[in-house]
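In this text, all values refer to a predicted model and were calculated from it rather than measured experimentally.
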Amino acid sequence: ARRTTPRRLNATSLARLLLALAYPWLAHAASLHHDPVLAAIALGDIAVIVLLDPLWRLRPWAWGAMALAAAALAGLARTPYALLPLMVMPSIIVALVAWTFGRTLRAGHVPLITRIMSAIDQVHPRDVAPELLAYTRGLTCLWAVVLALLCIVDLALAVCAVPGGLLDGIGIAPPVAISREAWSWFANGLNYGLVGGLFVGEYYYRIRRFPGRYTSFFDFLRKMAGLGPAFWRGAIHDTPVLDAPVPGSCVDDAPRAAPH
């Protein structure tokens with residue numbers, strides 16, 4: 001049993017990544033071609049991502065929920081409103097990620113990026129050097145703000161899109177009209193490009209400010225991936241960090257880890 005669990009978790013993680021990468025392409029193709037069937041498939045992709053873990057574990061309720069979702073989407077594909085949910089999906093996704101970052105900034109919680117960096121360094125968050133602690137908290141705040149702004153822009157463009165935008169879809173002329181294609185290029189393309197650009201750009205700024213932490217960008221990615229599914233579930237759900245050394249650290253009262 002111990003040997004099969006990691007493979008199962010790795011398989012679900014890979015499947016979730018592939019499904020997440022497929023969604024923008026499906027949504028963009030549905031928007032460009034005004035194809036309700038592709039729109040339903042894109043929404044089904046999101047449903048599978050949400051239910052993937054219990055589906056993989058053959059939970060009857062998850063398969064029942066997926067069957068209901070499939071039936072509902074098949075019906076939606078036959079209506080003129082099939083493309084409407086795609087207009088709000090980018091805003092919902094970005095808002096959820098912004099909330100994931102932002103809620104860890106509350107008093108008594110460990111900022112998300114502080115948690116990630118301390119796990120990579122194999123120290124407890126309380127033992128992170130003050131300079132690195134301030135930096136990772138500020139970076140967590142930056143991500144929350146940038147993603148919140150992207151959510152607002154996504155929603156504004158969805159409201160103004162013609163044809164089939166949120167207002168146009170219910171028969172109201174938007175105050176400013178943009179094409180549905182322009183909305184889709186931003187929401188399903190540029191959106192993710194901006195996020196990726198911030199991620200890569202911040203990495204190169206960080207290695208200048210804190211040199212010697214990683215041998216390369218791919219080394220950084222490898223270390224993040226190596227934290228494992230259990231860590232990422234705890235980080236995303238903002239579960240309390242145990243008052244104990246991180247696996248791999250030597251003692252409870254280890255000295256503060258200085259930025260390398």
Side-chain angles (χ1 to χ4, degrees), residues 16-52 69 72-73 76-77 79-105 112-113 138-202 235-238:
R16 185 175 285 107
L17 174 62
L18 293 175
L19 288 165
L21 291 173
Y23 172 77
W25 295 95
L26 289 169
H28 186 58
S31 298
L32 288 183
H33 300 291
H34 303 275
D35 189 328
V37 174
L38 275 177
I41 293 172
L43 294 170
D45 180 86
I46 295 293
V48 174
I49 291 173
V50 171
L51 294 170
L52 186 58
L73 291 172
L76 184 66
T79 74
Y81 304 107
L83 293 163
L84 207 54
L86 292 184
M87 303 299 293
V88 296
M89 195 57 66
S91 299
I92 292 173
I93 293 171
V94 175
L96 286 173
V97 180
W99 176 71
T100 299
F101 279 92
R103 68 174 179 167
T104 66
L105 294 168
L112 180 57
I113 295 178
L139 185 57
T140 302
C141 183
L142 175 65
W143 273 107
V145 170
V146 168
L147 290 167
L149 291 174
L150 280 178
C151 172
I152 293 170
V153 173
D154 283 341
L155 190 58
L157 293 177
V159 167
C160 297
V162 175
L166 297 180
L167 287 180
D168 183 70
I170 57 175
I172 300 175
V176 178
I178 65 164
S179 70
R180 186 184 183 91
E181 289 75 16
W183 162 82
S184 185
W185 277 111
F186 183 89
N188 296 310
L190 185 58
N191 227 4
Y192 302 101
L194 291 171
V195 169
L198 176 57
F199 182 79
V200 174
E202 185 280 322
I236 291 171
H237 296 142
D238 194 25

Q. Which distance, rounded to the nearest 0.5 Å, do you find between the CG of Leu38 and the CG of Leu32?
A. 10.5 Å
(Q) If we ignore hydrogens and angles and just use 3.5 Å, is the side chain of Thr140 paired with the main-chain N or O of Ile113 as donor and acceptor? (A) yes
Q: Locate the shortest heavy-atom distance separating Ala98 from Leu147; write the atom from each residue and the value.
A: CB-CB, 3.6 Å
**Q.** Nearest non-hydrogen partners of Val162 and Ala177, listed with the distance
**A.** CG2-CB, 3.9 Å
Q: Find out whether Leu76 and Leu43 are in side-chain contact, i.e. whether some heavy atom of one side chain is under 4.5 Å from a heavy atom of the other.
A: yes
Q. Any side-chain heavy atom of Asn188 sitting closer than 4.5 Å to one from Trp25?
A. no
Q.
If you compare all heavy atoms of Asn191 against all heavy atoms of Pro90, which two are closest, and at what distance to 0.1 Å?
A. ND2-CB, 4.4 Å
Q.
Using a 3.5 Å distance criterion without hydrogens, assess whether the side chain of Ser184 forms a donor-acceptor pair with backbone atoms of Arg180.
A. no
Q) Looking at side-chain heavy atoms only, is the closest gap between Val94 and Val97 below 4.5 Å? A) no
Q) Does a side-chain heavy-atom distance below 4.5 Å link Ile93 with Asp154? A) no
Q: Using the six-membered ring wherever Trp is involved, compare the ring planes of Phe101 and Trp143 and label them parallel, tilted or perpendicular (cut-offs 30° and 60°).
A: parallel
**Q.** ring-ring contact (aromatic ring centres under 6.0 Å, His included), paired with His28, selected from Phe186, Trp185, Tyr192
**A.** Trp185
Q.
Looking at Gly164, is its backbone amide N or carbonyl O close enough to the side chain of Asp168 to form a donor-acceptor pair, meaning the two atoms are under 3.5 Å apart?
A. yes
Q.
I want to check something: taking the side chain as every heavy atom from C-beta on, are Ile41 and Asp45 in contact at a cut-off of under 4.5 Å?
A. no
Q: Work out which heavy atom in Ala158 is nearest to a heavy atom in Met87; give both atom names and the distance.
A: CB-O, 3.3 Å
